[in-house]
Amino acid sequence: MIRAYSLSETFSEEGFNLYREMRRKGITPDPLSFSFVTKCCVKGSSSVLEGLQVHARVLRDGHRSDSRLLTTVMDFYSSFKRFDDACKVFDEMSHRDTIAWNVLISCYIRNGRTGDALVVFDMMESGHSGSQPDDVTCLLVLQACSNLGALEFGERVRRYIQEHGYGHLRNLCNALIAMYSRCGCVGKAYQLFTGMPNRDVVSWTAMISGLASHGHGREAIDAFREMLRMGVAPDEQTFTGVLSACSHSGLVDEGWMFFDHMSKEFGILPNIHHFGCMVDLLGRVGLLDQAYQLILSMSFSPDPTMWRTLLGACRIHGHVALGERVIEHLIELKAQEAGDYVLLLNIYSSVGNWEKVIEVRKWMKEKGIQTTPGCSTMEVKGEVHEFVVDDLSHPRKKEIYEMLDEIGKQLKIAGYVAEVTSELHNSGAEEKANRLSYHSEKLAMAFGILATPPGTTIRVAKNLRTCVDCHNFAKMLSGVYNREIIIRDRNRFHCFREGQCSCNDYW
DNA sequence: ACTTGTTACA
């Protein structure tokens, strides 16, 4: 079984075959060999069935009290998203060490229960689990914080890291850089990054991507060049970061150049993500036909997301004909979703084709297509406040709406004109095209002004993309009220300061 | 045994 162990990293199938051979010869596997073969069964290299067989055998051979072995079995279930099975194994373990708890955290993250991962950290730190968090626990929990945008929790983990002497570990620094970036604090990410003595390709990539998502395209490219000067070799992910930097900052020539260089100079062939970034880049600046041609020129077939990216570009530029064609492609892939029809609606409304808007809406209603309502959240003193369109549920709603009126007056003086013309939102079926409504991010921003001392940065997280009007509103607000406002979109950050935004998506 | 960086859409 030693051979199976050494094979388990790369040739999982052979590992399982060896196990089978062993059984055929009547040799009883010991816990260690069970552990190796289970590792061969994790997602990506085998089917669930093989692992299930092993698990059954483990139980039959009386290893149900071997917690190390069960930890591996649990991880196997977790990797196949069999959440309940994984939890069952965890519950049945007689003894749980830090690693078992780590696997539980990893299982929560993999299965979309990210918030619960933080709860587990709480339990571990407070001693309720009987095991203390270690460096891997921190790594996993930082990942959870990144996903949730939970800055305060992330800082708490950082303190834990420092207090327990993990501060020098490179992978933890890398995870912290990502956490800060994804919580909207590139500045802090950069500070940490510059303080690191040994930066590897992961550190650089995290920093480049962080700068990219905040709209600091030039700085991201500078970082990339600096990385090359330091002799660190870029990989696929690095180029994903670099190309996304170009797309978020509208750097078309640079984008083409890097896209070209990556294979010619670095021997890295563009994958679907790289093409996705290029389509986004070209689409955003209005080179829609080039973007379309690039998709058609690929040697692999485009995925739904790729088409969706192009559809988003059609919305920005009001390109009806191409938009309709893209929808066809999505339908062909049987991948069209509610959000796609909302984009199509916005394309029609942006060119004033109200007949089509009504037609599509009616059709959506008939088909019972449910759209996702826009929702914004804001964290004040560790408490998360949630807002939806025209929200009336917040306990301080009266103050919030009064504040909105007041802000509206102030911004009007400064020259803000509400844009009520074209944008439609996923705010529910009954929304009318020309109604002036308070989108969730406006409510959140007003609450931010209300609930935090002057000068405090206002951080808003939104589940969908911000509309042009709210974007203008935030710009003006940042100038008139002298506040830094950071809105975390679906996929990037808008940093508003002194009446400007770091992005160039909206004009 | 568990483990760092990844793009695009609403």
Side-chain angles (χ1 to χ4, degrees), chain A residues 32 35-36 38-39 42 67-76 78-79 97-107 109 134-143 146 169-179 181-182 199-210 212-213 234-248 271-281 283-284 291 302-315 326 330 335-346 371-374 424-426 462-465 489-492:
Chain A
L32 212 56
S35 187
F36 298 148
T38 310
K39 212 186 157 212
V42 297
S67 43
R68 277 191 175 206
L69 182 48
L70 291 180
T71 304
T72 315
V73 172
M74 189 187 159
D75 190 44
F76 150 75
S78 157
S79 74
D97 59 6
T98 297
I99 296 178
W101 286 97
N102 288 350
V103 174
L104 183 68
I105 293 178
S106 152
C107 179
I109 297 174
D134 65 0
D135 53 334
V136 177
T137 316
C138 294
L139 206 58
L140 288 164
V141 175
L142 284 175
Q143 224 184 314
S146 302
L169 294 177
R170 185 163 60 191
N171 55 358
L172 282 178
C173 291
N174 293 346
L176 279 167
I177 293 172
M179 184 277 291
S181 297
R182 300 192 56 190
R199 289 171 286 204
D200 63 1
V201 62
V202 176
S203 330
W204 284 99
T205 304
M207 196 62 249
I208 290 168
S209 308
S213 65
D235 63 10
E236 287 194 355
Q237 277 119 312
T238 317
F239 277 104
T240 305
V242 171
L243 291 177
S244 87
C246 296
S247 102
H248 284 309
N271 63 26
I272 193 145
H273 304 309
H274 301 124
F275 275 99
C277 290
M278 287 308 290
V279 169
D280 187 48
L281 167 58
R284 262 184 224 275
D303 63 356
T305 322
M306 178 92 53
W307 289 121
R308 236 158 253 153
T309 305
L310 187 58
L311 192 60
C314 294
R315 191 223 43 177
V326 173
L330 282 166
Q336 75 281 23
E337 289 170 4
D340 300 329
Y341 292 110
V342 175
L343 274 177
L344 186 66
L345 278 174
N346 280 322
T371 54
T372 316
L424 290 162
H425 294 273
N426 293 6
K462 171 150 195 194
N463 64 339
L464 306 173
R465 288 203 61 172
D489 235 10
R490 191 85 187 142
N491 55 39
R492 64 164 297 156

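Sequence lines set the chain letters: A, B, ... in the order given, protein chains first and strands last, and positions in each chain run from 1.
- Taking every heavy atom of both residues into account, His274(A) and Glu236(A) meet most closely at NE2-O, 2.9 Å.
- Interatomic distance, CE of Met278(A) versus OG of Ser244(A), reported as 12.0 Å (0.5 Å rounding).
- Leu69(A) places its CG atom 12 Å from the P atom of dC2(B), with the value rounded to the nearest Å.
- Between atom OG of residue Ser78(A) and atom CD1 of residue Ile109(A) there is a gap of 9.5 Å, rounded to the nearest 0.5 Å.
- Applying the side chain to side chain contact (heavy atoms under 4.5 Å, CB included) test to Ala291(A) and every residue at least two apart in sequence or in another chain returns Val279(A), Leu282(A), Leu310(A).
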* Asked: Can you give one letter per nucleotide of nucleotides 3-8 of chain B, 5' to 3': B if a protein heavy atom sits under 4.0 Å from the base, S if only from the sugar-phosphate, - if neither?
  -> BBBBBB
* To do: Just do the side chain to side chain donor-acceptor pair (under 3.5 Å) check on Asp135(A) and Asn171(A) with the steps written out, would you?
  => CA-CA 9 Å; Asp135(A) 53 334; Asn171(A) 55 358; 5.6 Å; no
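- Separating the CG atom of Leu464(A) from the C1' atom of dA10(B) is a distance of 6 Å, rounded to the nearest angstrom.
- Asn271(A) comes within contact range of no nucleotide atom at all, as no heavy-atom separation falls under 4.0 Å.
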